[in-house]
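As a basis for the values below, the full set of heavy atoms in this structure was taken, side chains included, without hydrogen atoms, waters or symmetry mates.
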Amino acid sequence: MSDDEEKEEVCPICGGTGWVIPDLPVGHPDFGKAVPCVCQLEKRRKQRYQELLRISNLGALSRKTFDNFHLNAPHLNPAQRQNLKEVYEQAKAFAENPQGWLVLLGDYGCGKTHLAAAIANHRIRKGHMALFVVVPDLLDYLRAAYAPGSPTTYDQRFEDVRNAPLLILDDLGTHNATPWAEEKLFQILNYRYNGNLPTVITSNQWLESIPARIRSRIMDSDVSTVAEIIAPDYRSRESSGIGIDILPLLKDMTFETWDVRKDLKREDRDNLAHALALAKKYAENPHGWLTFYGTYGCGKTHLAAAIANYRVQKGERVTFVVVADLLDYLRAAFSPNSSVTYDKRFDRIKRVDFLVLDDLGTQNTTPWAKEKLFQLLNYRYNALLPTVITTVHTPDELDPWIRTRLTDPTHGEIWGITAPSYRPSRRRRKRA
């Protein structure tokens, strides 16, 4: 008989019946009752494992590994590359020795799902079980157990999920947040939290947006490590997670390329020299706000960009936006086709580590625009977040609520540039 024709080996314990009668004393409640043989228990375990692999639905994600994760994409700035490398190392260490929880936060396409799948694939290749499932799919899987033709009960499915040796929940927060869904997720995560079972969670939500019961467990540093990826969507190839960041267009505006403008009057040269000194000082130690005001083309945007480029070279995350573009960017979130909610987009802007707002005051001053700018600036003012502002308006020309914040000496400095526009007029160009 060939190897292919060999019959499956018969279990020596049950003789292939699948059942055994334990040797128990007379009078025992289970005396004479047949129970599943250990071979059947192992068979059922394998069946459940195959079922969990099926719902994991890794599919194309089975090709996601640490080796093919892009750490040095050209569209990333130094701060983003450093951040991505740190999170990558955390994920890799977790894959080698999964302990506690690893929570990966970041926008769509930043790489968090790739890293989560790489963890799953690494464990599976090592011969360990890992259940990778997208949260909405998990909830559908549990609901399907109520169907009359379901091969397994709801209780069995629920137990298999929450007891998985390694559970990876992708895209927490994208599900329909019904009371039932929130309850099931809490039960699963609370069980794994109390048992300190290895768990990976990815989400594009702010921690504040996650239900409080789950958030409190995610934020427990004794169990959970939270890592935020600041890289943008690699598919969009934008310079930052905020699509209106124009800093890459201003990369030539540095302190080294600053024009000292020797053709100016003495007082204007001194004024510009002081503005340059303020910018360099702030770039070295950004704290609170720095505001430059002056006519168009006087150099204030160059100084703001030089500060931003300097901080980027130091590995910091900087966002540089024109105020009018920022308001359009926020309005676009109300479009039915927007993939990001307005609240998330606004929260992201107001919380960025370092923000440059160029040309404040040139926007359309509708009540809505004033309200949004007040909310943005008031938040950063109270939080003392590093912010550089340029405007063509003098303090007296600004709304009082802006003026009081820009001119508060406890929160930063404001400097008026008196030099005229450095851009040559048409007459000057013709004469030259």
Side-chain angles (χ1 to χ4, degrees), residues 69-90 106-107 109-111 227-234 236-261 272-292 297-323 325-326 348-360 380 383-390 411-415 417 422:
F69 186 80
H70 298 295
L71 280 172
N72 297 306
H75 67 293
L76 299 179
N77 63 40
Q80 292 164 347
R81 287 195 184 95
Q82 180 61 30
N83 165 262
L84 201 57
K85 181 180 179 182
E86 291 172 358
V87 178
Y88 170 87
E89 294 296 341
Q90 287 177 305
D107 266 350
C110 68
E228 181 185 358
I229 300 176
I230 65 174
D233 186 340
Y234 73 93
S236 70
R237 294 296 187 264
E238 290 173 350
S239 63
S240 75
I242 297 173
I244 52 170
D245 184 355
I246 65 169
L247 188 57
L249 304 178
L250 309 176
K251 61 184 178 181
D252 293 333
M253 292 187 178
T254 65
F255 292 124
E256 290 72 27
T257 60
W258 173 254
D259 185 357
V260 296
R261 302 182 64 186
L272 274 183
H274 186 75
L276 178 62
L278 281 177
K280 287 184 174 180
K281 178 183 175 183
Y282 186 87
E284 288 289 347
N285 183 27
H287 181 72
W289 293 12
L290 177 62
T291 304
F292 290 116
C298 68
K300 57 188 185 296
T301 295
H302 188 129
L303 290 176
I307 294 170
N309 285 317
Y310 183 88
R311 296 310 304 173
V312 167
Q313 291 302 316
K314 291 291 185 180
E316 190 162 0
R317 180 186 181 190
V318 181
T319 300
F320 191 114
V321 296
V322 178
V323 172
D325 293 342
L326 168 61
R348 185 170 188 190
I349 285 284
K350 75 180 186 181
R351 297 172 188 270
V352 295
D353 299 334
F354 193 119
L355 179 64
V356 180
L357 292 174
D358 194 35
D359 276 342
L360 177 67
R380 297 188 68 82
L384 265 180
L385 292 174
T387 308
V388 176
I389 298 170
T390 76
H411 278 62
E413 295 188 65
I414 183 170
W415 184 255
I417 298 178
Y422 69 88

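- The shortest heavy-atom contact between Leu84 and Leu71 is O-CD2, 3.8 Å.
- Residues Gln90 and Ala227 come closest through the heavy atom pair OE1-CB, 3.3 Å.
- By the 4.5 Å heavy-atom criterion applied to side chains, Leu360 and Thr291 are not counted as neighbours.
- At least one donor-acceptor pair under 3.5 Å links the side chain of Thr257 to the backbone N or O of Asp252.
- Here Arg317 contributes atom CZ and Asn83 contributes atom CG; the two are 8.0 Å apart, rounded to the nearest 0.5 Å.
- Contact detail for Ala308 and Leu247: the closest heavy-atom pair is CB-CD1, 3.7 Å.
- Rounding to the nearest 0.5 Å places CG of Asp245 at 9.5 Å from CG of Leu355.
- Note that CG of Asp359 is 12.0 Å distant from CD1 of Ile389, once rounded to the nearest 0.5 Å.
- Not a single donor-acceptor pair under 3.5 Å links the side chain of Asn72 to the backbone N or O of Arg81.
- Phe292 has its side chain out of reach of Cys298: every pair of non-hydrogen atoms, C-beta onward, lies at least 4.5 Å apart.
- Residues Thr254 and His302 come closest through the heavy atom pair O-NE2, 2.9 Å.
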* What's the verdict on side-chain contact (heavy atoms from CB on, under 4.5 Å) for Ile307 and Phe354, showing C-alpha distance, side-chain angles and the deciding distance? -> CA-CA 10 Å; Ile307 294 170; Phe354 193 119; 3.8 Å; yes

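- Legend: residues meeting ring-ring contact (aromatic ring centres under 6.0 Å, His included) with His287, ordered by chain and number and at least two apart, are absent.
- A search for ring-ring contact (aromatic ring centres under 6.0 Å, His included) contacts involving Phe255 returns nothing, not counting sequence neighbours.
- A pairwise comparison of heavy atoms in Trp415 and Ala275 identifies CD1-CB, 3.7 Å as the closest pair.
- Going from atom OG1 of Thr319 over to atom CG of Leu357 covers 10.0 Å, rounded to the nearest 0.5 Å.
- Distance alone, capped at 3.5 Å, is enough to place a donor-acceptor pair between the Asn309 side chain and the Leu250 backbone.
- Residues satisfying the salt bridge (Lys or Arg N to Asp or Glu O under 4.0 Å) criterion with Arg311, sequence neighbours excluded, are Glu316.
- We find the NE2-NZ distance between His274 and Lys281 to be 8.5 Å, quoted to the nearest 0.5 Å.
- The closest side-chain heavy-atom distance from Val322 to Ile246 is below 4.5 Å.
- In terms of heavy atoms, Leu303 sits closest to Ala279 at CD2-CB, 4.1 Å.
- Counting only heavy atoms from C-beta outward, the side chains of Lys300 and Asp358 never approach each other to under 4.5 Å.
- Proximity of Trp289 to Arg380: side-chain heavy atoms (C-beta onward) are separated by under 4.5 Å at one or more points.
- For the pair Phe320 and Leu249, the minimum side-chain heavy-atom distance is 4.5 Å or more.
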